[in-house]
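Inspection log for the structure reproduced underneath, given as structure tokens.
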Amino acid sequence: MQAKKRYLISLLTGAFLVLLFYFGGGVPGPAATGSRSRHGYSRPEQPWPHFSDPLQHFSPWDQSDTEEYNVHISPRQKRDVNSSVYKGKRCRMQSCFDFSLCQRNGFKVYVYPQQKGEKISESYQNILSTIEGSRFYTSDPGQACLFVLSLDTLDRDQLSPQYVHNLKTKVQSLPLWNNGRNHLIFNLYSGTWPDYTEDLGFDIGQAMLAKASISTENFRPNFDVSIPLFSKDHPRTGGDRGYLKYNTIPPFRKYMLVFKGKRYLTGIGSDTRNALYHVHNAEDVVLLTTCKHGKDWQKHKDARCDKDNAEYDKYDYREMLHNSTFCLVPRGRRLGSFRFLEALQAACVPVMLSNGWELPFSEVIDWNTAAVIGDERLLLQIPSTVRSIHQDKILALRQQTQFLWEAYFSSMEKIVLTTLEIIQDRVLQQTSRSNLMWNSHPGGLFTLPQYSSYLGDFPFFYAKLGIKPNPKFTAVIHAVTPLVSQSQPILKLLVSVAKSQYCAQIIVLWNCDKPLPAKHRWPATSVPIIVIEGENKVMSSRFQPYDSIISDAVLSLDEDTVLSTTEVDFAFTVWQSFPERIVGYPARSHFWDNNKERWGYTSKWTNDYSMVLTGAAIYHRYYHFLYTNFLPNSLKSMVDQLANCEDILINFLVSAVTKLPPIKVTQKKQYKETMMAQVSEKKTHSSRWADPDHFAQRQTCMNKFASWFGGMPLVHSQMRLDPVLFKDQVSILRKKYREIERL
Amino acid sequence: MCASVKYGSRGPALIPRMKTKYRIYYITLFSVVLLGLIATGIYYITLFSFWPHSIESSAEWSLDRRSVHDAPLVRIPMSSPIPERGDLSCRMHTCFDVYRCGYNPKNKIKVYIYPLQRFVDEVGVPISSTGLSREYNDLLSAISDSDFYTDDVSRACLFIPSIDVLNQNSLRIRETAQALAMLPRWDKGMNHLLFNMLPGGPPDYNTALDVPRDRALLAGGGFSTWTYRQGYDVSIPVYSPLSVEVDLPERQPGPRRYFILSSQTAIHREYRVELERLKEENGEALLLLDKCSNLSQGLASVRKRCYKGQVYDYPQILQESSFCVVLRGARLGQATLSDVLQAGCVPVIMADSYILPFSEVLDWKRASVVIPEEKLPEMYTILKSIPHRQVEEMQRQARWFWEAYFSSMKAIGMTTLQIINDRIYPYAALTYEEWNNPPVVKWTSVNSPLFLPLIPPRSPGFTAVVLTYDRIESLFRVITEISKVPSLAKLLVVWNNQNKSPPEAIDGLSLDQTHMVERSECINKFASVFATMPLKVVEHRADPVLYKDDFPEKLKSFPNIGSL
């Protein structure tokens, strides 16, 4: 287009705009807020007038309710009154829960022993065994803070085969029942056709409910826990990952909004589903219902049934689920439906149409970040609502569905543990998780508030808080051989680590049977050397959360590691960019052995790796806490007995938390060779690499760990981080980490 | 000018397309301008001639009489109906008429304020001893000045009575209830919002307003967990008049002279005894202030506190302590909370079952410490266990909460309306970060749009984007090389030369000397637009695992990298 013409047009436009401004400038838009200007030429349309009178304060300066109050009942009595008045439907932690039981032994959960002749559904069995396998479990009711029944309360639909009869008398006869105080009752289904009430069919007394499909009217805030409805086949541990493999931008999929489900011709729960066909457009909004359910649906069938059924059969549910941006989750017989978890896993943003449903774990999860909460009364607006959502928001919602699915919902274990953690947070109050811990990666189950109440002490929130980790590290050297000569590698290591500009202190963990060497035997260094005698001299003690570790970063070292100061410095600068991962030198890999049908372990130099061993690695000190407090005793004692695999276990742990591989940094060539040389020359027990069983043990460990984690958390990586000018053909003087490539 | 060309196709003739694009653009612009003119015209016409006459009761007011005493007097008959007591099971989906709010692209509710009336009973005694209070007046004028306000009662989604119920003590309960029921759009209190800060009265001090109000929403300043209808009511702070009276400059977070300070005067004897015991154990770290006995009542006494004859200025003294005690009084909500936050002192809240202000959206864990009343004797140990850095963050957060949500009646009113707005349009609700991150954090924090740790599979491959200007030869070389990569899904060439069409022939190449200079200028320009330098310097570089190792190249996943 010619420039002249273009200028002319823009000039004209400008002129028009100026005209418009002069013409209409004095008039605020209809929605404008200023009121004064309008009074000029019209009757006041009466926004709130700005009164000129001197008005009184709403509360007099000398609030004198004090005196009256002081003569009245004491606050202590008032508390007692509250706790005796608010029972049953008005139960709260303050009135129906005995905190004193938890003060003595912490948050411990007791499970009643199973009685003979009582049938228990598989789902409930899974719940009980999850609790029994968790770190909260106690077999001593005297230590317990929370009690869980061994009577199956999951299905309280009288028509169900799983229904347990005479629950009332059975519960009342339990010696520890104590009118349900400090008891937790799990329930998935309550009520039956036609009205599906939320009554459990027995008196729960002062017990807390962990219930699916609970309504806001019956939900006792901060007392009950709303759990998701899950199917019989829901995996016990591990669980499938979310379906989202990569993000697409723009985040739109083939369908905008889909639903496929039953429509009920009798009984409650179908009002919204009956109206769905109004919104269905057979293009990008596909909402399908079928009348087919039960035996005699034909008897009740209405005018739309045949048409709906035909449309219903045209589409494949799974195809729709995977290819839709939003998934409708209308209420079913009860408020919650299976559609909810299905959509969540499929990264299909749930659009909730279930008025009054207290969403799962609503106490801690901010559902607005992962779902669209619609109103059944506004069904017809739903398409325009979801279309109005900006694509950035969709991208965020979709990722959040995946985070929440994997953090809290993908297995029964996660659902049960989340329930327990929520209650624990209430019990411990001061040490409870903040909203951010629950709602951002890696989620509440991996973020233990007992470690610190300050978010900046964790490796996960630096970016969110806009802060950086502490710029120093603490070296922890694991010593197992006695100090005999001055040429031992540990002394060289001490010197070179101490020279690092980022080193705050060095801790020598003395895990050797021989007594501690005298103080003067250690080399003189510029940083303090702290010698700690290992507790029981077991392997796991190298990951103890010692109070003397003051920095965020821990550099973990074996006593025979050979590292130069440059290498330490470089690894630490890399860690500062990836504070939630393990950053270090010796890399190993895992693989699936098809012949043996189990996981294999390899130390060969390959093109990828999934572990960085803690013989020379930097990671956040929080992982010490997590290793000690999160992992079950079974795994830790296995490590201690074998005196092996502790480095594999911590890699499992960190990858399970971050869902990311560790990071390998470039090392000096000699590292591997000296390691090998050492292995061959001294065959003492100290060099555990020499032991032929050592390798086999590590294979066994891998498989044991994988089964506890419910899957293989390790992730492969093909990336190594090198200093920027590494081996580039420029003068060595221009390189900052030149030591690394020098032989 | 920029065009994308799928790899393999030749550059098409782009100019004609561009023309049409511009044409459409200008036509649209013209129509917008025209429409704007017409709309203005219509607006004037309506303004002058047919102003809708539906506005209620306030018609006789004119400009020069802006005094509360001129508000119309309304006499309440003895037998006038009283609303129902208030339904504890009310939730947005049962007691709130969402159809009134409707769908609108701005996702904003419309709020109507009833014009001021003076209600009196049959014998002419007003229903309230104070009438319209200064605070309620401020609140209503703030709302009427806001985007929420509408003067059109038929478009409103939320109704706010002009009857002031901020302080229950100054109300005659029965008559106030009758007055509410007389409001023209009352309809069982549906979609009505009442603001109350001081609920209950002696001797029991109920934790919610005692005025029967049927289905009306209550923004209340002292809810307990038993009266608060979660997701329906809004818990608001008790406004402290000191917020405007005193200007406390923000102090840098950090350690303070005292560790714990108690400044309230209305502390029950039982608790005062316990506080004194704590003081004995921990000495100077605690400062326990009380009313000054020698000062006369009134404004002066409000601004002074005493300890053993020593006089301190209140609320300035609050800035001298890391933690400040906020104990329940007869009521759960305390105006002291606002003073404490204003001073940037971390509140230690001891009021069992209290629903903290705006707890629906604010993360109080980041700004306060909540301790059960029973654990008052352990307060010192509990507070000592909090890491220093966290205390500093809490101090900053406390001050930010005050500035954003406590500092004025306007702030309180706007926050309340925004919370209700968020419930009605949840998909457009403010995020946790928007509610809770102070400006400092908002500027420094990073919230990546791709926050999920995902390692994508190789299968979808990648798209190569080649920016090009003039150097055809190297462009073709790049295209040939890149197209050998197996994971390449698509190649996008961005032709960046406005004066030339994409190539058919190859021109002579010239090495542009000014290139680097230009790029530096670009960087400076971009940095000034971002107001900061978003690029970060790192010292590492990602290489394949066996990069430049003495290892046969053919065994490497990425052979020949670096061996050029």
Side-chain angles (χ1 to χ4, degrees), chain A residues 1 9 13 16 20 24 33 39 42 45-53 55-59 61-62 65-66 68-69 72 74-75 92 94 216-217 221 245-246 355-356 366 368 372-373 375 377 381 399 402 430 434-435 454 456 463-464 466 573-574 607 659-660 718-722 724 727, chain B residues 19 22 26 29 33 36 40 47 58 63 66-68 89 91 93 98 103 113 130 133-135 137 140-141 144-145 151 166-167 202-203 225 230 241 266 268 270 297 299 302 330 352-353 363 365 382 387 389-390 426-427 429 441 444-446 452-453 456-457 539-543 545 548 557:
Chain A
M1 187 177 279
I9 289 172
T13 326
F16 263 114
L20 182 71
T33 53
H39 291 302
S42 78
E45 79 315 278
Q46 215 50 66
W48 192 255
H50 296 251
F51 290 110
S52 48
D53 334 45
L55 297 171
Q56 290 185 39
H57 282 291
F58 79 108
S59 103
W61 277 108
D62 47 341
D65 56 3
T66 335
E68 270 172 282
Y69 177 57
H72 199 60
S74 84
R92 295 292 186 276
Q94 291 95 334
T216 43
E217 277 107 282
K245 294 290 175 275
Y246 52 91
N355 284 2
D366 181 1
N368 271 340
V372 176
I373 295 158
D375 190 322
R377 293 173 290 178
Q381 286 178 14
Q399 292 179 80
Q402 299 297 281
Q430 264 65 60
S434 69
N435 182 305
Y454 177 51
K464 274 216 152 77
T573 54
V574 171
N607 282 295
K659 314 254 188 295
L660 292 170
Q718 299 196 330
M719 173 182 81
R720 183 181 78 188
L721 291 180
D722 297 345
V724 170
K727 289 204 177 170
Chain B
K19 269 186 176 168
Y22 275 101
Y26 284 117
L29 197 77
V33 169
T40 327
L47 213 57
S58 56
L63 278 178
R66 283 213 224 136
S67 164
V68 278
S89 68
R91 292 295 180 275
H93 65 277
V98 76
Y103 177 78
I113 303 173
T130 48
S133 70
R134 190 188 296 184
E135 283 78 13
N137 179 39
L140 294 182
S141 32
S144 81
D145 285 347
D151 48 28
L166 280 180
N167 185 354
T225 173
Q230 194 169 306
H268 190 271
E270 265 177 31
Q297 289 285 320
L299 189 70
V302 174
D352 289 1
S353 78
D363 186 354
K365 268 197 81 74
I382 291 173
R389 283 196 293 177
Q390 191 185 358
Y427 44 88
V441 176
T444 52
S445 68
V446 183
L452 192 70
E539 294 177 346
H540 50 74
R541 161 184 97 183
D543 292 329
V545 171
K548 286 203 177 175
S557 295

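Both backbone and side-chain heavy atoms feed into the values below; hydrogens, waters and symmetry mates do not. As the structure is a prediction and not an experimental result, all values here were calculated from the model. Chain A is the first sequence line, chain B the second, and so forth, proteins listed ahead of strands; every chain is numbered from 1.
Counting heavy atoms from C-beta on, the side chains of Trp48(A) and Asn137(B) come closer than 4.5 Å. Side-chain atoms of Leu721(A) and Asp543(B), non-hydrogen and from C-beta on, never get closer than 4.5 Å to each other. Val545(B) places none of its side-chain heavy atoms less than 4.5 Å from the side chain of Asn607(A).
The choice from Gln381(A), Arg377(A), Gln718(A) that makes the most heavy-atom pairs within less than 4.5 Å of chain B is Arg377(A). For chain B, the option among Glu217(A), Gln430(A), Met719(A), Gln94(A) with the highest count of heavy-atom pairs below 4.5 Å is Gln430(A). Most heavy-atom pairs under 4.5 Å with chain A, from the set Pro456(B), Ser141(B), Ser353(B): that is Ser141(B). For the set Thr130(B), Thr444(B), Asp363(B), Leu140(B), the entry with the most heavy-atom pairs within less than 4.5 Å of chain A is Leu140(B). Comparing Leu660(A), Asn368(A), Val372(A), Thr573(A) by how many heavy-atom pairs each has under 4.5 Å with chain B, the most go to Asn368(A).
Side-chain N or O atoms of Asn355(A) include none that pairs as donor or acceptor with a backbone N or O of His93(B) at under 3.5 Å.
Only the side chain of Ile382(B) comes within contact range of chain A, judged by heavy atoms closer than 4.5 Å. For Pro426(B), the parts lying near chain A are the backbone and the side chain together; criterion is any non-hydrogen pair under 4.5 Å. For chain A, the nearby parts of Arg389(B) are the backbone and the side chain; heavy atoms of each come within less than 4.5 Å. Contact of Ala542(B) with chain A is made through backbone and side chain together, with heavy-atom distances under 4.5 Å. Looking at Asp375(A), only its side chain comes within 4.5 Å of chain B, counting heavy atoms on both sides.
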Could you walk me through whether Gln56(A) and Ser133(B) pass side chain to side chain contact (heavy atoms under 4.5 Å, CB included), step by step?
CA-CA 5 Å; Gln56(A) 290 185 39; Ser133(B) 70; 5.7 Å; no
Going through the checks in order, is the side-chain hydrogen bond (donor to acceptor under 3.5 Å, both in side chains) test met by Asp53(A) and Ser67(B)?
CA-CA 6 Å; Asp53(A) 334 45; Ser67(B) 164; 2.5 Å; yes
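The side-chain hydrogen bond (donor to acceptor under 3.5 Å, both in side chains) check on Lys464(A) picks up nothing, with sequence neighbours excluded. Residues meeting the side-chain hydrogen bond (donor to acceptor under 3.5 Å, both in side chains) test with Arg92(A), sequence neighbours left out: Thr225(B).
Atom-to-atom distance recorded for His540(B):NE2 and Arg720(A):CZ is 14.5 Å, nearest 0.5 angstrom.
Taking every heavy atom of both residues into account, Pro453(B) and Lys659(A) meet most closely at CG-CB, 4.2 Å. Heavy-atom minimum distance, Gln230(B) versus Pro221(A): OE1-CB, 3.0 Å.
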